[in-house]
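So the structure is just underneath, and the comments pick up after that.
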Amino acid sequence: MEVGVPLSRSISTIHNTTVAISMHFPLSIRGLGVVCSTCTAMVNQNKVSAQSNKTSNAGSKEGSLKISTSRSRTGSFNPARKSQKLNLEVSPHRAVSAVRLMRIELGGAFADLLNEQGKGSGDNEMGYVERTLGFRTRDLDDRDLRLVTEIVGGTIRWRRYLDHMILSLCHDENTFRRMEPLLLQILRIGFYEIDKLEMPPYAVVDENVKLAKVALRPGAGNMVNAVLRKLVLLKESNSLPSPKVEGDLRQQARALATIHSHPVWMVRRWMNYFGLEETIKLMTWNNSDPIFSLRANTGKGFTRAELVMELERLKVPYELSQHLGDFVRMSIGLQVVIQAGLLKKGFCSVQDESAGLVVSVVDPKPGENIIDCCAAPGGKTLFMASRLKGQGSIRAIDVNKGRLRILEETAKLHGVNDVVTTINADLRAFAEPDCLKFDKVLLDAPCSGLGVLSKRADLRWNRRLEDLEQLKNLQDELLNAASILVKPGGVLIYSTCSIDPMENEDRVAAFLLKHQDFCVDPADRFVPSNFVTQDGFYSSNPVKHSLDGAFAARLLRRG
């Protein structure tokens, strides 16, 4: 499901980064949103929260942040620096990372620079630096862009841990709490580079001090110098401050939440469901570098063998999926694939195997009439369409008209537009007792996205325990609506990209209590047995399967 779009605006799902790879991953949008695996969605870059407006001016037509000329929380700004258009001493990837992290916290930027423009994105990023800080550095090269993606994603992912370290070394909570956002981002970057990336420490100190002095003031540079040098000494002596995992379950959860940089409520919930050992393994997976999968678009006649040939030509390392014949896995090289135009030409899509296995549970067959209830921009829709081989039909319904247009365009690109028809509607209003019935109905429901945290660095900080309760109610409403569309003898597939039982097994159980005409159709005929639960549901687990977490229940309507 889409991350960062309020439920009042969208009930559509986007499990897997598929065709719209050029639409970055949105971050730090406040309030409840609907989510799915490596989802893609546009965010209004001019939108700034009321709280942010208290401390900085934001919201030009270009979506840039304007630093206040007073010593606001975004840092002091010297108007004379406006004439300083080029600064070759400041590291470009650090300047871009600091500005991007600030924009993310104000809700106007995304975590990942991967897009179809490739190298061109560096110009956009440097434009934001100039409009925000008043100067440019040298242009970003490919290595700089990769570093920005790594540093921004890693700094967000490890934010709780980094802030604990910074606070420990400042020795004054008030100093930390009152720290200017730009200064805090520079310190986070420095701590992440030294402690997690293990870059040459004194080079990191020197470069971040330069950035703080130029972007803020000499005193800020002196503070960065003192704190980062203290970090270097502690790291070299193997004496970094770390919470002790001891005491009752609540105290243990708080310590683990800091060490592994997750929200406390999330850690406590997982400890209750999965136990201590599995929770630590899950957090370790979430903090690891994400693994991406590519699906060869056989609907366009492009096979996995041909995709493999292209990857070998591009010298991108890969491995074949053990579960799906159209998929390959890769840990590096996605930017190379994008720049080579393989996605833009429709030869392949970025789609996690966990999402592909949901389509296996649907088991689309030529000649069937299928409806995808929350479809745009259409990762599963397009995969199902390729399986129909030009026979049958798929209705793709979504409340977001703009993202439906993307689905339509990509269906043409992938050569499956002859079987895909889009419908712009809210499922709950669309499904009526006398409406058309379908052989198979896929409800890829709005969910918390707790199964995709390795790819969505920000998502752990944008979720609250209260969100699950609101999502639960929406999921029930959508399941009830989707069931109306299933013909007798047909199948309803309910899926999420969550690992939380309340969104998965509990929702299916609640549905079956109210709908005696439905029963579980076990998934073991459609996916490998190690993905099937005792209740007959499909479930992928990051720790067990090294895939994103996902869930699917196949529910048969009695004839």
Side-chain angles (χ1 to χ4, degrees), residues 1-15 26-39 41 160 249-250 253-254 256-257 260-275 278-279 282-283 285-286 354 358 373-374 427-428 443-482 494-514 533 535 537 539-543 548-553:
M1 276 309 310
E2 177 187 350
V3 179
V5 178
L7 293 177
S8 60
R9 293 178 50 198
S10 173
I11 61 166
S12 61
T13 77
I14 323 172
H15 291 227
L27 290 177
S28 294
I29 308 304
R30 304 304 179 195
L32 179 60
V34 289
V35 176
C36 100
S37 171
T38 47
C39 316
R160 183 183 180 93
L249 290 179
R250 181 187 294 268
R254 292 192 66 85
L256 289 170
H260 297 279
S261 197
H262 280 67
V264 176
W265 74 264
M266 203 176 287
V267 177
R268 293 186 64 190
R269 192 172 184 84
W270 290 342
M271 289 174 67
N272 290 331
Y273 279 135
F274 310 126
E278 287 299 301
T279 297
L282 179 57
M283 291 189 291
W285 166 267
N286 292 339
S354 63
V358 171
C373 293
C374 299
L427 173 65
R428 294 166 293 183
L443 174 60
D444 202 14
C447 69
S448 65
L450 296 183
V452 301
L453 297 184
S454 71
K455 291 187 174 71
R456 289 301 317 272
D458 66 300
L459 193 52
R460 67 190 70 179
W461 310 123
N462 293 339
R463 282 291 167 265
R464 301 171 302 159
L465 184 58
E466 294 82 0
D467 296 345
L468 296 183
E469 189 67 30
Q470 296 182 49
L471 283 165
K472 179 188 77 171
N473 296 332
L474 176 62
Q475 289 155 358
D476 288 343
E477 292 176 8
L478 294 176
L479 253 176
N480 290 333
Y494 171 77
S495 68
T496 73
C497 60
S498 175
I499 58 173
D500 196 288
M502 189 171 79
E503 298 185 272
N504 297 334
E505 293 89 347
D506 292 358
R507 302 280 52 76
V508 175
F511 172 81
L512 291 176
L513 280 176
K514 297 180 180 179
T533 70
D535 296 320
F537 304 137
S539 177
S540 62
N541 182 282
V543 174
D548 284 347
F551 171 88

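Remember, predicted model here, so these are calculated numbers, not experimental data.
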Spell out, as yes or no, whether a donor-acceptor pair under 3.5 Å connects the side chain of [X] to the backbone of [Y].
X: Asn462; Y: Leu459; result: no
X: Thr279; Y: Trp270; result: yes
X: Gln475; Y: Ala445; result: no
X: Asp535; Y: Phe537; result: no

Ignoring hydrogens, what is the shortest heavy-atom contact between [X] and [Y]? Give both atom names and the distance.
X: Cys447; Y: Ser498; answer: SG-N, 4.1 Å
X: Trp265; Y: Arg464; answer: CZ2-C, 3.8 Å
X: Val267; Y: Ala253; answer: CG1-O, 3.9 Å
X: Gly451; Y: Ile499; answer: CA-CG2, 4.0 Å

Tell me, please, which residues at least two apart from [X] pass salt bridge (charged side-chain N to carboxylate O under 4.0 Å, His left out).
X: Asp476; value: Arg507
X: Arg460; value: none
X: Glu469; value: Lys472

Rounded to the nearest 0.5 Å, how far does [atom2] of [Y] lie from [atom1] of [X]?
X: Ser448; Y: Leu471; atom1: OG; atom2: CG; result: 7.0 Å
X: Leu479; Y: Cys373; atom1: CG; atom2: SG; result: 9.5 Å
X: Leu453; Y: Met266; atom1: CG; atom2: CE; result: 5.5 Å
X: Asp500; Y: Phe551; atom1: CG; atom2: CZ; result: 11.5 Å

Practice task
Would you check if Cys497 and Asp548 make a side-chain contact, meaning some heavy-atom pair closer than 4.5 Å?
Solution key: no
Exercise for the section: Report the C-alpha distance between Trp461 and Ser261 in whole Å, list the side-chain angles of each, state the deciding distance to 0.1 Å, and finish with yes or no for side chain to side chain contact (heavy atoms under 4.5 Å, CB included). Expected result: CA-CA 10 Å; Trp461 310 123; Ser261 197; 3.5 Å; yes
Exercise for the section: Return the set of residues passing side chain to side chain donor-acceptor pair (under 3.5 Å) with Arg268 (not counting sequence neighbours), or none when no residue passes. Expected result: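 Partners of Arg268 by the side chain to side chain donor-acceptor pair (under 3.5 Å) criterion come out as none, since no residue qualifies.
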Exercise for the section: Report the residues that fulfil side chain to side chain donor-acceptor pair (under 3.5 Å) with Glu477, sequence neighbours left out, ordered by chain and then residue number. Expected result: Arg428
Handout entry: Listed partners of Phe511 passing ring-ring contact (aromatic ring centres under 6.0 Å, His included), at least two apart
Key =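 In terms of ring-ring contact (aromatic ring centres under 6.0 Å, His included), with neighbours along the sequence ignored, Phe511 is linked to His515, Phe518.
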Practice task
Please test Leu468 against Arg463 for side chain to side chain contact (heavy atoms under 4.5 Å, CB included), starting from the C-alpha separation and ending with a verdict.
Solution key: CA-CA 8 Å; Leu468 296 183; Arg463 282 291 167 265; 5.6 Å; no
Problem - Test item: side-chain donor near acceptor, Asn504 and Thr496, under 3.5 Å - result: yes
Exercise for the section: Take atom CZ of Arg160 as the centre, draw a 6.0 Å sphere, and report whether it contains more than 12 heavy atoms from other residues, nucleotides or ligands. Expected result: yes
